[in-house]
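Take a look at the structure below.
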Amino acid sequence: MNREQAHFIAICSDSVGETAEAVVRATLRQFELQDTEIKRVMNVRTEDEISEVMEEVHRRGGFVAYTLVQPELREAIREEAVRLNVRAVDVMGPMMQAFIDTFNDTPKRLPGLLHRLDEDYFRRVEAVEFAVNNDDGKDVGAILKADLVLLGVSRVSKTPLSIFLAHKGLKVMNYPVVPELAPPTQLREIGSTKLVGLTIDAEQLVNIRAERLKSMGLPDQAHYASLDRVKQELDYARNLYESLGCPMIDVTGRAIEETAVLIMKQIKQR
């Protein structure tokens, strides 16, 4: 399927479009659409820009999701949607109207308020840098600087979880659990309240590892993806979690967001 044939969704925003894209991607996971292209058009300020976006959506047979706070731009995209017979989904409008109707208040209508360079923004940036720099246990000394350390065997989603939680402002380090590798002493020094162990169904992990080997052009029957090896690693990991006194979360069949919610709940309970 070429570019023009792909399922096409445009994100139109007077800011960075992150909110609308997050909603679109969350919805997309409920469908099995192949070759879907999401195009984000940011910092829209004029009606001409909106017309250009809508013409492309019309030409490619897709739809547009938008987060526009300026009334004239919102009206322009609605008019273009009618003119071109294109579906346009207002992601933020109904929520803003609910605030107006319920709380009798007036919105500021300033684009990009969510991403102003405030203290919270810089904390998230710092947390993401920390997660990237300390992925897969690169520096064990960083364990003592982390807000949270994720433990788990290979391919249990430690890295994407670390990045997702970093966007919430947490300095997260992930450390690989390997039977042949003695755990660093820092894991006991940091205390169990900052540790979370990840586990997964053995057969699902075998499939994940086999696919990983295939993508690397390696035999999918390697020891790394054998059921015996996977069970050995998972048993070792569970014993380690028990010895450290840290909670264990099963990621089997869970999306990254679901696991992250469980981890955040663990943190709040502590």
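Bear in mind that the values here come from a model prediction, so they are computed numbers and not experimental data. Side chains are part of it too, since the values below use all heavy atoms of this structure and drop only hydrogens, waters and symmetry mates.
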Measure the spacing between [atom1] of [X] and [atom2] of [Y] and express it to the nearest 0.5 Å.
X      : Y      : atom1 : atom2 : value
Thr67  : Asp90  : OG1   : CG    : 8.5 Å
Asp48  : Glu52  : CG    : CD    : 9.0 Å
Leu244 : Ser192 : CG    : OG    : 8.5 Å
Leu170 : Arg123 : CG    : CZ    : 8.5 Å
Gln266 : Leu195 : CD    : CG    : 11.5 Å
Phe8   : Arg59  : CZ    : CZ    : 8.0 Å

Query raised in the report: Does the side chain of Glu211 pick up a donor-acceptor pair with the side chain of Asn207 at under 3.5 Å?
Result: no
Query raised in the report: Are Gln30 and Thr27 linked by a side-chain donor-acceptor pair shorter than 3.5 Å?
Result: no
Query raised in the report: Which pairs with one or both residues in residues 44-102 pass ring pair (Phe, Tyr, Trp, His ring centres under 6.0 Å), sequence neighbours excluded?
Result: Phe99-Phe103
More than 12 heavy atoms of other residues, nucleotides or ligands under 6.0 Å from [atom1] of [X]: is that the case?
X      : atom1 : value
Asp101 : CG    : yes
Lys138 : NZ    : yes
Glu75  : CD    : yes

Look only at the side chain of [X] and the backbone of [Y], and say whether a donor-acceptor pair between them is shorter than 3.5 Å.
X      : Y      : value
His167 : Val128 : no
Glu56  : Val53  : no
Ser13  : Ser15  : yes
Asn134 : Met173 : no

Show every donor-acceptor pair shorter than 3.5 Å between a side-chain atom in residues 139-151 and any protein atom, with sequence neighbours excluded, or say none if there are none.
{"unit_1": "Asp139", "atom_1": "OD1", "unit_2": "Gly141", "atom_2": "N", "d": "3.0"}
{"unit_1": "Asp147", "atom_1": "OD2", "unit_2": "Lys171", "atom_2": "N", "d": "2.8"}

Query raised in the report: Are any non-hydrogen side-chain atoms of Ile200 and Ile208 less than 4.5 angstrom apart?
Result: yes
**Report entry** Validation row: Val86, Glu80 side chains within 4.5 angstrom (heavy atoms)
**Finding:** no
Between [X] and [Y], is there a shared hydrophobic cluster once you connect ILVMFWY residues whose side-chain heavy atoms come closer than 4.5 Å?
X      : Y      : result
Ile267 : Val196 : yes
Val57  : Val91  : no
Phe164 : Met264 : yes
Val153 : Ile256 : yes
Ile190 : Leu181 : yes

Query - side-chain contact (heavy atoms from CB on, under 4.5 Å) between Val41 and Glu49, worked out - result: CA-CA 9 Å; Val41 183; Glu49 291 175 283; 5.9 Å; no
Only counting residues at least two apart or in another chain, list the ones meeting side chain to side chain donor-acceptor pair (under 3.5 Å) with [X].
X      : result
Ser226 : none
Gln204 : none
Ser154 : Tyr224
Thr259 : none

Looking only at heavy atoms, what is the nearest atom pair of [X] and [Y], with distance?
X      : Y      : result
Thr159 : Asp135 : OG1-OD1, 2.6 Å
Arg209 : Ala225 : CB-CB, 3.9 Å
Cys12  : Ile50  : SG-CG1, 4.4 Å
Arg45  : Asp14  : NH1-O, 2.6 Å
Tyr241 : Gly152 : OH-CA, 3.3 Å
Ala166 : Val172 : N-CG2, 4.5 Å

Can you pull out every salt bridge (charged side-chain N to carboxylate O under 4.0 Å, His left out) where at least one residue sits in [range]? Sequence neighbours excluded, please.
range            : result
residues 177-197 : Glu180-Arg229
residues 254-267 : Arg29-Glu257
residues 151-169 : none

Query raised in the report: How far apart are the C-alpha atoms of Leu227 and Glu203, what are their side-chain angles, what is the distance that settles it, and do they pass the side-chain contact (heavy atoms from CB on, under 4.5 Å) test?
Result: CA-CA 7 Å; Leu227 185 59; Glu203 292 186 0; 4.3 Å; yes
Requested in this report: Take Val177 and Glu233 through the test side-chain contact (heavy atoms from CB on, under 4.5 Å) and record every step on the way to the result.
Outcome: CA-CA 8 Å; Val177 175; Glu233 290 185 30; over 6 Å; no
Report task. In sequence, state the C-alpha distance, the side-chain angles, and the governing distance for Val64 and Val89, and then conclude on side-chain contact (heavy atoms from CB on, under 4.5 Å). Result -> CA-CA 6 Å; Val64 62; Val89 181; over 6 Å; no
What pairs with [X] under side-chain contact (heavy atoms from CB on, under 4.5 Å), at least two apart in sequence or on another chain?
X      : value
Thr199 : Leu234, Arg238, Met248, Asp250
Val24  : Ile9, Ile11, Ile38, Ala65
Met42  : Val16, Arg40

Query raised in the report: Which is it for Arg83 and Glu79 under the salt bridge (Lys or Arg N to Asp or Glu O under 4.0 Å) test, yes or no, and what are the steps along the way?
Result: CA-CA 6 Å; Arg83 182 177 72 85; Glu79 290 177 357; over 6 Å; no
